[in-house]
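Notes for the one structure printed next.
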Amino acid sequence: MGEMRLRQVCLVAPHLEPVVGDIAAIMGLEVCYRDPGVAKYGLENALLPVDSTLLEVVAPTQDGTAAGRFLDKSRGFGGYMAIFSCDDPDELGRHAQQIGVRIANVIEHAPYRGVQLHPRDCRAAFIEFNHTEGSDNIFGVYPPAGPDWPRSIRTDTTLALLGVELQSPDPEDLARHWSRIIGVDVSRGEHDAPQIVLPNAYLRFMPGGNEALTGLTFKVRDVAQVIDAARTRGCPCGGENFLLGGVTFHIVG
């Protein structure tokens, strides 16, 4: 797994429910793991695999957590972390520091090692780089998702997480900044939007009033069915999009 891949996206919500239940019901996904280890950060979480990528929701269980401060700042919801698997997270962490991006946290959980960068320096969201020793198969061991996460993959409704949308008053500048941190060039996507393309997903940078991770694009078997399910669960819907957990779910066939 030498190449950089999108491994996981983390959303933050005031409470896990109804967000996790809504995601599972609308997208036809299943929770693979709730990590007892996040309790020490004053959090609870749930992870749902979307093929080989993991969608995580975290919620604060006590006052004074980083996730709680994020919620206060983002007025309640939203995209919290973009997590990438790579060969050498330490090297990428050193590179980040050289360009003025601080390391916020290093997670040692053998065979897994994660380097989290400071969200204020990353802008828009936390970036984490991680590597799991001996996990060269994308469906291999990945401790944050629990001991047996591939067994929870469900593909009858949702096939893939295709992309992550980040917004900024200056999307070109944010794209260049993330490109420097991640080490992948900026290219052009739909409507000439700046984007960073990885082997399994893209990061797209869009104009917006503040810097935030604001959207996720999913490939599904039946767009109308998913939008209908979102409407039934009370999510605000528009066209082939709906709002859930503070981010826009863009649904494509």
Side-chain angles (χ1 to χ4, degrees), residues 6 8-14 19 22-23 26-27 50 53 55-60 66-84 96 99-102 104 116-128 160-182 184-198 200-219 223 226-227 230 234-252:
L6 180 68
Q8 190 176 328
V9 175
C10 177
L11 309 181
V12 65
V19 176
D22 286 347
I23 292 172
I26 295 165
M27 305 300 290
V50 184
T53 310
L55 181 58
E56 178 184 12
V57 181
V58 300
R69 286 192 295 275
F70 175 89
L71 280 175
D72 293 340
K73 202 171 86 217
S74 68
R75 296 181 302 283
F77 280 107
Y80 190 47
M81 274 192 193
I83 297 172
F84 304 94
I99 60 171
V101 176
R102 288 165 290 176
Q116 291 178 349
L117 305 180
H118 202 294
R120 194 171 299 136
D121 298 346
C122 294
R123 300 159 47 191
F126 263 104
I127 292 173
E128 178 189 310
L161 173 53
L162 298 180
V164 176
E165 193 172 284
L166 300 120
Q167 70 168 35
S168 169
D170 188 345
E172 298 286 344
D173 184 62
L174 184 63
R176 284 192 299 270
H177 183 59
W178 275 50
S179 168
R180 283 194 295 271
I181 296 170
I182 292 168
V184 178
D185 289 341
V186 177
S187 56
R188 295 282 146 192
E190 212 171 285
H191 309 303
D192 210 33
Q195 64 179 15
I196 294 171
V197 178
L198 302 172
N200 64 331
Y202 59 80
L203 309 172
R204 188 165 291 158
F205 299 85
M206 305 297 285
N210 60 332
E211 294 200 324
L213 194 168
T214 50
L216 299 171
T217 300
F218 295 88
K219 182 176 175 60
V223 173
V226 170
I227 298 299
C235 296
C237 298
E240 299 185 341
N241 309 319
F242 62 90
L243 194 64
L244 174 53
V247 301
T248 302
F249 282 57
H250 302 279
I251 306 302
V252 301

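Please read these numbers as outputs of a predicted model, since none were measured by experiment.
Considering every non-hydrogen atom in both Ile181 and Cys122, the closest pair reads CD1-CA, 4.2 Å. Taking every heavy atom of both residues into account, Ala175 and Pro194 meet most closely at CB-CB, 3.8 Å. The shortest non-hydrogen separation linking Ala13 to Pro60 is O-CD, 3.4 Å. The heavy-atom pair separating Leu198 from Leu6 by the smallest distance is CD1-N, 3.9 Å. Closest approach of Gln167 and Leu174 over heavy atoms only: O-CD2, 3.9 Å. In this structure, Gly209 and Pro169 approach most closely via the heavy-atom pair O-CG, 3.5 Å.
Between Asp170 and Arg123 there is no salt bridge, since no side-chain N of the basic residue sits under 4.0 Å from a carboxylate O of the acidic one. Salt bridge Arg69/Asp72: absent, no basic N to carboxylate O contact under 4.0 Å.
Between Phe242 and Phe249, the ring planes are parallel. Angles under 30° get that label, and only those over 60° would be called perpendicular.
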> Do Ile251 and Met27 pass the side-chain contact (heavy atoms from CB on, under 4.5 Å) test, and can you show the C-alpha distance, the side-chain angles, and the key distance before you say yes or no?
Replying inline: CA-CA 10 Å; Ile251 306 302; Met27 305 300 290; 3.9 Å; yes
> Please walk me through it: do Leu216 and Leu11 pass side-chain contact (heavy atoms from CB on, under 4.5 Å)?
Replying inline: CA-CA 10 Å; Leu216 299 171; Leu11 309 181; 4.3 Å; yes
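Taking CE from Met206 and OG1 from Thr214, the interatomic distance works out to 8.5 Å, rounded to the nearest 0.5 Å. Atoms SG and CD1, from Cys235 and Ile26 in turn, are 3.5 Å apart once rounded to the nearest 0.5 Å. Atoms CG and CD1, from Asn241 and Ile227 in turn, are 6.5 Å apart once rounded to the nearest 0.5 Å. Atoms CZ and CD1, from Phe84 and Ile182 in turn, are 4.0 Å apart once rounded to the nearest 0.5 Å. Within the model, atoms CZ of Phe218 and CD of Glu240 stand 15.0 Å from one another, a figure rounded to the nearest 0.5 Å. Taking CZ from Phe205 and CD from Gln195, the interatomic distance works out to 9.5 Å, rounded to the nearest 0.5 Å.
The closest donor-acceptor contact from the side chain of Ser179 to the backbone of Val184 lies under 3.5 Å.
Environment of CZ in Arg120: sparse, with no more than 12 heavy atoms of neighbouring residues, nucleotides or ligands closer than 6.0 Å.
Side-chain contact check for Tyr80 versus Leu213: every heavy-atom pair is 4.5 Å or farther apart. Side chains of Asp173 and Ser168 form no contact here, defined as non-hydrogen atoms less than 4.5 Å apart. Between Met81 and Val12, every side-chain heavy-atom pair lies at or beyond the 4.5 Å cut-off.
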